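Down below is the structure, laid out as structure tokens.
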2 protein chains.
Amino acid sequence: MFNNIKQKRVFEQIVDEIKNAIETDKLKPGDKLPPEMELAKIFGVSRVTVREALRILELSGIILIRQGTKGGAFIIKMDAPQKLKECLSDHLKLGNITIGQLTEARFWIESIVIDIIGQKATKKDFGLLRESIQRAEKLFREGKEGEKIDENWNFHIILVKISRNLILIDTLTSIIELMRYMMLKIKTDRKITENAFKAHKEIVGLLESGDLEKAKEVNKIHIQDLNNRLTKKYLKRNSLKDVNK
Amino acid sequence: MFNNIKQKRVFEQIVDEIKNAIETDKLKPGDKLPPEMELAKIFGVSRVTVREALRILELSGIILIRQGTKGGAFIIKMDAPQKLKECLSDHLKLGNITIGQLTEARFWIESIVIDIIGQKATKKDFGLLRESIQRAEKLFREGKEGEKIDENWNFHIILVKISRNLILIDTLTSIIELMRYMMLKIKTDRKITENAFKAHKEIVGLLESGDLEKAKEVNKIHIQDLNNRLTKKYLKRNSLKDVNK
DNA sequence: ATATGTATAAATGTATAACATATAGACAGG
DNA sequence: CCTGTCTATATGTTATACATTTATACATAT
């Protein structure tokens, strides 16, 4: 019946003002906001209030703050992947998500990605996948075990990027980053890494030959293996909550 | 070679402390943080610094702040869909994500969901879907157009919930909520709503008969129709920047 | 009795002024 | 060319005071 009369807090109104200036192109990426003291004068508020507004804009990934001369608050292009990833990753850590759900979601999304690859992948994409495989092989020959593990995880990121869809990319990247972090806490022997590598190699082959279903199948087994290891390790603990940054 | 020795800003360290306390269950949803003044004493910093930390926790959806006696900062369960939605919507506004990508992601995820329904859905699940359809039918008979539109959107939420996977549920819910919001700004005639309803009805039938592929196909057309309307509408404007909350 | 007013205390919201620290740039000296 | 030093300008932090919001208790009036 009546509208809500209550005003937002002052610093929130300032956030809105600045956001609005960006949305209407009065402020563009690269531009610098006036110093805190000037903003305070402009808006007729105290520096404290301005700073609370800046904290919010900063966390939202809208501005970047540098100290010192020539420093200040600069409008930046939002790094969507980073922000979305943090959103997801916070939620995963604090929420009621289980390793099983994580694995499930990963499997399903990667299956979709494989289907998309069947439609969209170019020669260049396959090249990127092969390069990753070759890097891993080289690292193996050189005995650089740690870096090879990283390359193994990277393979899955390259895979999802072929979809060219930021939402899928970010979601899956978050899941993988989280799993990667959890795996860091588990002693992995050479054999595990080698198995993962072989699976990746096989998957690339199947993708190039167009046998998507078989590729999904191999990937499923590959992911489930990881799931078993993680579950064994973390079930003993307090669910996912031991997973700190 | 060397590690970065630079300390984070003080308020950031406080954020980390509090986040950590939550992740290790020292603070649980519903708990209240000490008043700002006490926190300042505990951490040995000023109240302003504490407040900057609280701003961040608040924006992150980790605490809720109430003024007045018995007020304070309360730990809350994160409302992932809400947060994710805001994240997505921000990126949409700033042009990092397109409506097309949103539609694509929605189509793929809903296709996954349909596959999962083939494996997991119980009689009760189909019951929920049918109930939604019946509610929509009733609202149609009663001429309550607006509420029928809501029920149409709700149908898709019910659908994804059958997956029982929070990651899929939250991601898709965010996408759908965002689209729903955008559609509010477009004049929808009776026919559009009726078409959506018919599609839903057909999809339920196909799901129950186990024809998943056909169900995906119908859903694809249904979603693409929406995409076309949204694109036509928003391309004419100042890109997506009119999409305000 | 029930509704309305009023006082109180506890918490957040905002303002002001000062000092601490970080950083780019200019400039001098080896 | 490298190194140190100075300086101006910005953010980071502290301290204190006052304003506003809100739950609660209690008094008052109808």
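What you see is a predicted model; the values in this text were computed from it and never measured. Both backbone and side-chain heavy atoms feed into the values below; hydrogens, waters and symmetry mates do not. Order of the sequence lines sets the chain letters (A, B, ...), proteins ahead of strands, with each chain counted from 1.
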Completion exercise
When rounded to whole Å, the CZ to P distance for the pair B/R9 and C/dT23 reads 11 Å
Exercise for the section: Return the value, rounded to whole Å, for the distance between atom CZ of A/F74 and atom C1' of D/dT11. Expected result: 12 Å
Handout entry: Working for side chain to side chain contact (heavy atoms under 4.5 Å, CB included), residues B/T103 and B/M179
Key = CA-CA 9 Å; B/T103 301; B/M179 288 185 157; 3.6 Å; yes
Handout entry: Residues B/N165 and A/E104: side-chain donor-acceptor under 3.5 angstrom
Key = yes
Problem - A/D125 bridged to A/R130 by N-O distance under 4.0 Å - result: no
Problem - Heavy-atom neighbours of A/K32 NZ exceed 12 at 6.0 Å - result: yes
Practice task
Find the distance A/Q13:CD to C/dG13:P and express it as a whole number of Å.
Solution key: 13 Å
Completion exercise
Per nearest nucleotide of DNA chain D, the residue lying toward the 5' end, A/K6 or A/M37, is A/M37
Problem - Nearest-Å distance for atom pair CD1/C1', residues A/I65 and C/dT21 - result: 16 Å
Practice task
Send over the distance from A/L39 CG to C/dA15 P, rounded to a whole Å.
Solution key: 13 Å
Exercise for the section: State whether a side-chain donor-acceptor pair under 3.5 Å links B/D170 with B/T173. Expected result: no
Exercise for the section: State, yes or no, whether a side-chain contact exists between A/I76 and A/I62 at a heavy-atom distance under 4.5 Å. Expected result: no
Between protein and nucleic acid, restricted to nucleotides 8-11 of chain C and to nitrogen or oxygen atoms under 3.5 Å apart, what atom pairs and distances do you find?
unit_1, atom_1, unit_2, atom_2, d
C/dA9, N3, B/T69, OG1, 3.3
C/dA10, N3, B/T69, N, 3.4
C/dA10, N3, B/T69, OG1, 3.3

Handout entry: Length of the NZ-P vector between B/K8 and D/dG12, whole Å
Key = 15 Å
Problem - Geometric class of the A/H200/A/H156 ring pair [parallel <30°, tilted 30-60°, perpendicular >60°] - result: perpendicular
Practice task
Taking atom types as modelled, find out whether A/Q13 and A/D16 have a side-chain donor-acceptor pair closer than 3.5 angstrom.
Solution key: no
Practice task
Please confirm whether the backbone N or O of A/I133 pairs with a side-chain atom of A/R135, one donor and one acceptor, at under 3.5 Å?
Solution key: no
Handout entry: Residues touching DNA chain C, which here means a heavy atom under 4.0 Å, drawn from residues 43-55 of chain B
Key = B/R47, B/R51, B/R55
Exercise for the section: Let me know the distance between NZ of B/K41 and C1' of D/dA15, rounded to the nearest Å. Expected result: 13 Å
